[in-house]
Amino acid sequence: MEHKKVRVRFAPSPTGGLHLGGVRTVLFNYLFARHHNGTFVLRIEDTDQTRYVPGAEEYILECLRWCGLSPDEGTEAGGEYGPYRQSERKAIYRQYAEQLVAQGHAYYAFDTPEELERMRENFKTPENPSPQYNVKMRHHMRNSHSLPPEEVRSLLAAGTPHVIRINTPASEDLTFTDMIRGEVSFNTSAVDDKVLLKADGMPTYHLAVVVDDYRMQITHAFRGEEWLPSAPVHILLWKYLGWEPHMPQWAHLPLILKPDGNGKLSKRDGDRLGFPVYAMNWTDPKTGEITRGFRERGFLPEAFVNMLALLGWNDGSGQEIFSMKELIDRFSMDRVHKGGARFDFDKAKWFNHEYILNTGNDKLAALFAPVLEEKAIVADPAYVATVAGLVKDRCYFVNDIWEHGFFFFEAPTQYDEAAVKPKWNDAKQQFFEAWNIMLADQSDFHAEALEESFKALANEKNIKMGELQLPFRIMLTSGKFGPPVFVIAATIGREQTIARIAKALEVFGA
RNA sequence: GGCGCGUUGGUCAAUCGGCUAAGACGCCUCCCUUUCACGGAGGAAUGACGGGUUCGACUCCCGUACGCGCUACCA
């Protein structure tokens, strides 16, 4: 391999939310670039004007920022190879398309969409349900192969809408070496004369990707496996344009599959199965429909990225938790799996849990702040951090801090009475009445001290601790959950503890 | 239909000819905890099938099956 500086690119089309598979493609690009001290470019492939969705481009950038995978070069970061939006490069593509026509590698085609549809209809047979516009079909259609040159000239002069199609050879073997799959080969007989330049003057993906990868000096191109079948078209273009020596090395990434059933994971599957598929919340500007994202679901970006890295790649060591630096150090394309991976939300949750466990309480508190704010609860950040530290063991998501620690912020309004009442009696009633009075004078309100005096009083009253702890817990939290009781009491403080006991006694004693 | 790619437990997966086939998630049991978790100890569960090659095949080759992808003036 030459010593060319590594340059990779992520080239999304701004048509909507960013799918988790897209983020993984970004990740692999990013890791590869960093590993080789290369450059990560972001190019916007907005050549389909009919599918353009306003806001999608900004959204994609924001997703990358959130994940910590921002590009070095691109629409926002700038660079020497711009513009980075294909719609702004329109003139460039036409020039190459015409060049290909002039060299006999492409041709004009005047068929209207209706004519194409009719062709597909007419030539469709049970054996061949998708007839192709290829060497054989060319002569049945209206193009610069089948039409006399004068007619082509006059059609062109009259401004007749037309496309430019590649001249695919009748039968030629094409081979390339995929970084993941090894040698892959095709025969052009199965490849049709793909449109290169559309009637509106915009290039199709095929032309644009080759021209831009060349002009932006991309050295390695990673894309989803669904692109594999169009590789021969691209190889042909690299050859025809005379750039073959500069063709990037390709890697076709395995697909991310539905957890159940078959096929690629889609946004619909997330809705159906109750987990996010997009990186962040996405609001469709047309319908206003919101699709939930990993970020809003409570995922830490580091966990999300780590989880994605392991979906199709591993370093062989068995290690699963990696810092970004470790990922950069260890990543290599040849350890990427060939087969598609089913997405497992439980595993994703586990990753997030691991990261929550390893996140400082202050940071968790900060991340949790919006939840409290939404509930109009005002709390001291240090207090929130303490709570986070007490409950994070049982949290899969930042948002879970509420579910597992709400009682640190608000007194219970109802109780798990079924767990207390059947065994409630006067002795217990009296114990807690006495305990509550003692608490007013309890000098040391730490958990250990509280437990000690609680125990002492229980002994004195001759009641077993076990009989008392659960009711006490329910008084403070409303149910059978949470950190050790005395820790809860110490955390919420004297005033709250006393008030909650008093209130609960009214309910339990009734 | 054609072309391409793939196939190790329910899921993610290690293995680059020596396997009594790692590890993780999930699941189950037990321990710890007079709450819920965390943690700890165990457990069930895997090479699609058929042929080769080889002393030896999960690993290499060939078929078959199955799955997926593509087959647009979408990317």
Side-chain angles (χ1 to χ4, degrees), chain A residues 11-15 45-48 50-51 86 109 111-113 116-117 120 124-133 161-165 178 180-181 184-192 194-206 208-209 223-232 252 254-255 257 259-260 262-264 307 310-321 335 337-351 353-354 357 390-395 404 416 419 464-470 472-474 477 479-485 488:
Chain A
S13 57
T15 53
E45 309 224 328
D46 56 348
T47 55
D48 186 352
T50 62
R51 292 212 307 158
Q86 292 182 329
D111 317 277
T112 63
L116 287 172
E117 202 179 310
R120 290 192 185 105
K124 187 160 79 176
T125 60
E127 301 77 47
N128 182 13
S130 329
Q132 296 191 309
Y133 200 126
H162 62 278
V163 301
I164 291 178
R165 285 181 181 270
D178 186 278
I180 297 171
R181 291 151 215 282
V184 182
S185 46
F186 307 84
N187 185 284
T188 56
S189 58
V191 181
D192 60 350
K194 286 269 180 271
V195 169
L196 264 21
L197 201 74
K198 302 186 261 187
D200 65 1
M202 279 289 192
T204 57
Y205 171 79
H206 307 296
V209 74
R223 70 222 304 196
E225 191 187 338
E226 68 267 28
W227 288 108
L228 210 38
S230 59
H252 290 87
L255 266 16
L257 278 9
D260 61 339
N262 304 0
K264 289 198 278 189
M307 178 272 290
L310 273 283
L311 213 53
W313 171 87
N314 73 83
D315 75 343
S317 72
Q319 182 177 341
E320 295 195 276
I321 302 296
R335 286 208 61 94
H337 246 258
K338 293 184 178 76
R342 286 214 153 119
F343 178 65
D344 181 3
F345 191 59
D346 279 327
K347 188 76 185 240
K349 281 165 68 176
W350 174 80
F351 273 106
H353 182 237
E354 288 295 306
L357 256 25
L390 290 174
V391 302
K392 68 179 177 184
D393 277 0
R394 53 211 90 193
C395 295
H404 291 113
D416 182 353
K464 276 186 273 181
M465 275 285 277
E467 298 281 300
L468 266 10
Q469 279 201 52
L470 189 63
F472 187 30
R473 164 179 301 282
I474 292 172
T477 71
K480 296 195 274 188
F481 41 67
V485 229
I488 297 173

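Chain A is the first sequence line, chain B the second, and so forth, proteins listed ahead of strands; every chain is numbered from 1.
Residues passing the ring pair (Phe, Tyr, Trp, His ring centres under 6.0 Å) test with A:Trp227 are A:Tyr205, sequence neighbours excluded. For A:Gln132, the side chain to side chain contact (heavy atoms under 4.5 Å, CB included) partners are A:Asn134, A:Asp192, not counting sequence neighbours. Every residue was checked against the salt bridge (Lys or Arg N to Asp or Glu O under 4.0 Å) condition with A:Arg223, not counting sequence neighbours, and none meets it. Residues passing the salt bridge (Lys or Arg N to Asp or Glu O under 4.0 Å) test with A:Glu117, sequence neighbours excluded: none. Among residues two or more places apart in sequence or in another chain, the side chain to side chain contact (heavy atoms under 4.5 Å, CB included) test is passed with A:Asn262 by A:Arg342. With sequence neighbours excluded, no residue forms a salt bridge (Lys or Arg N to Asp or Glu O under 4.0 Å) with A:Glu354. Taking the side chain to side chain contact (heavy atoms under 4.5 Å, CB included) definition, one finds that A:Leu390 meets it with A:Thr386, A:Phe408, A:Pro483, A:Val487, A:Thr491, sequence neighbours left out. Residues satisfying the side chain to side chain contact (heavy atoms under 4.5 Å, CB included) test with A:Asp111, not counting sequence neighbours, are A:Ala109, A:Glu115, A:Leu116, A:Tyr133, A:Met141, A:Arg142. With sequence neighbours left out, A:Arg335 forms a salt bridge (Lys or Arg N to Asp or Glu O under 4.0 Å) with no residue at all.
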Quiz item: Once each nucleotide of nucleotides 66-75 of chain B is scored for protein heavy atoms under 4.0 Å, what B/S/- sequence comes out, 5' to 3'?
Solution: -SSBSBSBBB
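For B:C62, the glycosidic angle deviates from 0 by more than 90°, giving an anti base.
For the pair A:Ile488 and A:Thr477, the minimum side-chain heavy-atom distance is below 4.5 Å.
Comparing B:G23, B:U35, B:C5 by their closest approach to the side chain of A:Glu320 singles out B:G23.
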Practice problem: Report the secondary structure of RNA chain B in dot-bracket form, marking unpaired bases with a dot and bases paired to a different strand with |, and treating Watson-Crick or G-U pairs with both distances under 3.5 Å as paired. | Solution: (((((((..(((.....[....))).(((((.......)))))....(((((..]....))))))))))))....
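Within 4.0 Å (heavy atoms only), A:Ser185 reaches sugar-phosphate atoms of the nucleic acid but no base atom. Across all strands, A:Arg335 comes closer than 4.0 Å only to sugar-phosphate atoms, never to a base (heavy-atom distances).
For the pair A:Met307 CE and B:U11 C1', the computed distance is 14 Å after rounding to whole Å.
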Could you list all N or O pairs between the protein and nucleotides 44-49 of chain B that sit under 3.5 Å apart?
none

